[in-house]
Every structure is written in C-alpha cells, then in structure tokens.
Amino acid sequence: MDEISVGLSTWKTELWLAARLPASAGTQAWLRDMLTTEVSALDELASRFRHDSQLSAVNRAAGRWVQVSWEFIAVLTASLEAAAATDGLVNPLLGTHVVAAGYDEWADQDSGITAPATTCDWHAIEIKPGQPAAQVRIPLGSALDLGAVAKGWLADRLAQIVHASTGADCVANMGGDLRVISPGEPWVVAADAGREETHMELDDAGLATSGIGHRAWEGGHHIIDPRTGRPAKTAWDSVSVLAGTAAGANTASTACIVIGDQGPRWLADKGLDGWFVGPTGERLVGRWQQLRHVDAARA
C-alpha cells in the first residue's frame with residue numbers, strides 16, 4: 001500500500017495529513033481537500049486573528065450572550081475538558097494575557113484584543129442552548145484563546161475522518177500535535193525537541209510537543225501560567241507527551257511546561273509517557289525509553 005501525504009503551511013507552522021492508500025490523483029486531491037477544508041473551518045470557528053470568526057465575536061461581546069454554532073461548542077468543550085483535567089493549568093481564558101505578553105506583536109498580527117489582562121476564571125464560561133444553535137457568554141474583561149487545544153482537536157478529527165471513511169492507516173500532524181490511527185501496521189513518528197528527535201512506532205495514540213523555543217521573543221513566550229498571568233517560568237525547553245489523543249497529549253505537555261520542575265511527577269501520576277528536555281539535560285517518564293527507537297526514519 002502506498003503512503004500518500006499532503007501538506008499546508010499556515011498558523012506559522014506546517015500541517016500535514018497522510019494515509020496508506022492506493023496512489024492516485026483523486027486520492028491525493030481528496031486528502032488535500034479534506035485538510036484545507038477542515039483547517040479553514042477551524043479558522044472560521046476559533047481564530048483570534050480573524051475578526052469574522054466565532055471566537056472573535058464572543059471576545060468582542062465579553063459579558064454578553066453570543067450565538068455560536070455547535071461546532072464552536074465542540075472546540076470550546078474540548079478546551080474546558082482540558083482545563084478540568086489540569087485543574088486550570090491549561091486555561092481557555094488567557095486571550096488578554098497572551099496579547100499582553102507580546103504574542104500579537106511577535107506574530108505581526110492583530111487579534112483585536114485590547115483589554116488589560118484581568119480575569120481568567122474558566123469556570124465562569126457559560127453555555128446554553130439557543131435558536132437555532134447555541135449561546136456562549138464569557139466574563140467581562142476576559143478573552144478566549146483556544147490555541148492550546150484546537151490543533152490537537154483538529155488532528156484527532158482529521159485522523160478519525162480519514163480512517164472512518166477509508167479504513168486506512170493514517171496520521172495527522174497539526175504543527176506538532178499528532179494523531180495516529182494505524183491498526184494495519186504501526187506508523188513511525190517523531191517527537192522534535194528542537195535539538196534532536198526521538199522516534200517511535202504507534203498504532204493508535206496522540207503525540208504532542210510543547211515548548212518555548214519556536215514562539216518566543218525578548219522577554220516572553222506564548223505559554224502563559226494562569227496562576228500568574230505571565231509567560232510560564234519553566235525548567236523545560238520542551239515537553240513531549242504520548243496520550244490517547246492529540247488533544248490530550250497537547251493538554252498534558254502544556255501543563256508540564258507551566259508547572260516546570262513538578263512536571264515529571266505530575267505526568268507520572270497521570271499514567272502518561274513523556275520526554276522532558278531542559279538546559280541541563282533530559283528526563284524520561286513512563287514507557288518513553290522503551291517506546292522510542294532513534295534509528296528509525298522520520299515518518
């Protein structure tokens with residue numbers, strides 16, 4: 001069986017989708033259309049940098065009910081689940097904080113968020129049924145940023161769609177948030193820690209790496225500690241985590257960056273596998289040492 005891969009450069013990163021299917025122009029076009037359509041749909045739902053996105057509408061109306069689609073609720077719910085799973089270490093209400101830290105200036109993009117960094121109580125986000133879809137209200141003075149979960153959510157969705165539609169082994173990599181569904185033959189994938197890569201074979205899992213190297217600027221980076229409202233002071237340059245889903249792996253890796261030295265113990269208590277890389281060395285958690293094999297070629 002051939003391995004067909006399509007890619008897309010956006011969100012200041014690289015996205016790709018691959019499947020083991022008979023090679024043909026039609027199959028290549030179907031994968032490319034799937035990737036571009038789903039990326040565009042997520043942009044319309046949850047981009048901070050599209051003023052016509054549903055997320056931007058919610059942020060502009062902070063303190064008031066806003067009508068949104070059930071698709072937006074799905075992404076928001078995944079972010080709320082991440083917050084609950086990490087006791088708020090991964091928080092969807094850090095939009096004002098990441099802007100205050102300098103992200104928009106670094107990205108040379110305008111999210112339209114100008115409020116000072118104030119509340120980030122994610123428990124205060126409200127959802128209710130509406131007509132014809134749903135309604136959301138966030139606290140006055142707050143703003144949503146769903147980036148910590150959205151790419152992983154999309155990787156899970158794309159891999160599930162491709163496998164359910166074709167039965168094929170497949171992998172979706174949304175800028176480092178990666179989901180494998182490959183029951184026929186394990187797929188060799190790579191975790192990138194910036195200075196080196198480690199490889200492993202996966203058949204049904206999520207893999208994600210969070211770090212402060214790629215989206216950093218003088219005086220800050222994009223991973224906010226909700227306990228301080230400032231860029232996390234962390235012991236790690238990057239943390240890679242293996243979990244059941246890409247969204248779950250990204251949630252855990254982000255939480256580990258935030259809590260720094262406590263990250264390895266926190267991850268072990270969750271029963272997950274991880275690779276912590278810092279200025280003074282690395283730490284391996286769980287089965288990471290047994291799973292990785294550095295001589296494999298990158299998928």
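Just so you know, residue 1 is the first one in the sequence shown, and it goes up from there.
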Cation-pi geometry met for Arg20 and Trp187 (6.0 Å, 45°): yes
Ser53 side chain to Ser47 side chain, donor-acceptor N/O pair below 3.5 angstrom: no
Atom pair OG/CD of Ser69 and Glu44 - distance to nearest 0.5 Å: 9.5 Å
Minimum heavy-atom distance Arg50-Ser40, with the two atoms named: NH1-O, 4.4 Å
Side chain proximity check, Asp169 to Glu185, heavy atoms < 4.5 angstrom: yes
Joint cluster assignment, Ile181 & Met200, ILVMFWY side-chain distance < 4.5 Å: no
Close side-chain approach of Leu42 and Val75, heavy atoms under 4.5 Å: yes
Cation-pi geometry met for Lys151 and Trp11 (6.0 Å, 45°): no
Flag side-chain contact, heavy atom, 4.5 Å: Thr251 against Glu81: no
Any side-chain heavy-atom pair of Asp121 and Ser142 under 4.5 Å: no
Flag side-chain contact, heavy atom, 4.5 Å: Thr77 against Ile73: yes
Path from Leu55 to Trp65 over hydrophobic side-chain contacts below 4.5 Å: no
Point-to-point distance, once rounded to the nearest 0.5 Å, from CG of Asp156 to OG1 of Thr245: 4.5 Å
Ile257 versus Thr234, closest heavy-atom pair with distance: O-OG1, 2.7 Å
